[in-house]
Amino acid sequence: MAITSKLLGDRGRKQAAKLGLQPGRIPPGQYLTERFPVLTYGRNPAYDLDSWSLSIHGEVEEPYTLRWDELMALEQTTITTDIHCVTRWSKLDTTWTGVRVRDVLERARVTPSGAFVMAHCDGGYTTNVPLEALLDDDVLLAHQYGGKPLEHDHGAPLRLLVPKRYFWKSAKFLRELEVMSEDREGFWELNGYHNGADPWTEQRHWF
Ligand SMILES: Nc1nc2c(c(=O)[nH]1)N[C@H]1C(S)=C(S)[C@@H](COP(=O)(O)O)O[C@H]1N2
Ligand SMILES: [Mo]
């Protein structure tokens with residue numbers, strides 16, 4: 001395991017050198033891909049934008065739901081960022097458009113007890129993130145990738161984007177943000193993935 005990780009780390013470093021990237025650009029144990037791999041547990045859930053909604057609830061004073069048109073009417077942000085999957089691919093300079101999660105959470109007025117968030121998706125996938133991590137500028141409810149509507153495989157109509165964590169925290173087919181007072185584990189976290197998911201310290205698995 002350690003040897004594999006070291007080799008892939010060298011691969012990433014070599015790639016970075018060849019491309020003239022700064023050495024710290026690729027996290028340890030990752031290699032670059034130009035492709036955009038698809039990783040979905042189960043099938044893509046069907047959706048209908050007319051009946052679609054996103055619900056914000058839990059440890060908040062004002063739980064609410066947003067219809068698609070309401071979400072689109074909120075301030076939109078475009079960011080370019082690197083993404084890192086625990087299966088060891090990283091992709092640089094990916095461009096996403098959507099609404100800042102911070103804005104959506106602010107409107108719900110999180111109570112002082114709120115400290116973690118569970119993302120719930122169509123199809124049953126879940127993942128948990130500390131509330132604080134969702135307040136960053138680069139955390140989006142993303143509905144466009146590379147200037148085009150998200151492909152279904154990549155989470156249409158809406159996905160969470162948390163670039164600073166391994167990509168399994170970036171929940172596709174997002175339908176609910178549940179603010180929690182205590183941490184609970186989501187789908188992959190319950191199945192052996194590390195709760196933290198920091199690519200720079202390789203928080204990959206518990207074992
Ligand atoms: N709803 C849902 N979201 C999900 C997943 C999933 O299976 N279902 N897989 C996660 C994992 S493990 C990864 S690496 C990324 C993959 O995103 P991509 O398919 O757009 O590359 O989505 C994450 N979000
Ligand atoms: Mo993943």
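All figures in this text were calculated on a predicted structure; none of them were measured in a lab. When a ligand or atom number is given, it counts from 1 through the structure's own listing order.
The NE2 atom of H194 lies 4.0 Å from the CH2 atom of W206; values are rounded to the nearest 0.5 Å.
Counting only heavy atoms of the protein, atom 20 (O) of ligand 1 lies nearest to H154 ND1, 2.6 Å. In this structure, the protein non-hydrogen atom closest to atom 24 (N) of ligand 1 is S170 O, 3.1 Å. The protein atom (non-hydrogen) at minimum distance from atom 7 (O) of ligand 1 is Y41 N, 2.6 Å. When only non-hydrogen protein atoms are considered, atom 3 (N) of ligand 1 lies nearest to K172 N, 2.9 Å. In terms of protein heavy-atom proximity, atom 10 (C) of ligand 1 is closest to Y125 OH, 3.5 Å. The shortest contact between atom 11 (C) of ligand 1 and any protein heavy atom is with W168 CA, 3.5 Å.
For ligand 1 and C121, the ligand atoms under 4.0 Å from any heavy atom of the residue are 1 (N). Residue W89 has at least one heavy-atom neighbour below 4.0 Å for each of these atoms of ligand 1: 21 (O).
Residues L190 and T126 fail the side-chain proximity criterion, which asks for heavy atoms closer than 4.5 Å. Residues L161 and T94 form no side-chain contact, since every pair of their non-hydrogen atoms from C-beta on lies 4.5 Å or further apart.
Residue contact annotation: F36 has a non-hydrogen atom under 4.0 Å from ligand 1. Under a 4.0 angstrom heavy-atom cut-off, P37 registers as being in contact with ligand 1. Residue W188 places a heavy atom under 4.0 Å from ligand 1. Under a 4.0 Å heavy-atom criterion, R159 is in contact with ligand 1. Heavy atoms of C85 come nearer than 4.0 angstrom to ligand 1 in at least one pair. No heavy atom of Y193 sits closer than 4.0 Å to any atom of ligand 1.
Using a 30° and 60° split on the angle between ring planes, W188 and Y193 fall in the parallel class, below 30°. Between F36 and W96, the ring-plane angle classifies as perpendicular under the 30° and 60° cut-offs. Below 30°, between 30° and 60°, or above 60°: for F187 and Y125 the angle between ring planes is between 30° and 60°, a tilted geometry.
Y64 approaches V104 most closely through the heavy-atom pair OH-O, 2.6 Å.
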Given side-chain hydrogen bond (donor to acceptor under 3.5 Å, both in side chains), test S113 with E59 step by step and report yes or no.
-> CA-CA 7 Å; S113 56; E59 302 290 317; 2.6 Å; yes
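The option with the heavy atom closest to atom 9 (N) of ligand 1, from among D122, I83, L39, T127, is L39.
A donor-acceptor pair shorter than 3.5 Å cannot be found between the side chains of S55 and T65.
Of the residues K169, R204, R184, the one that meets the salt bridge (charged side-chain N to carboxylate O under 4.0 Å, His left out) test with E189 is K169.
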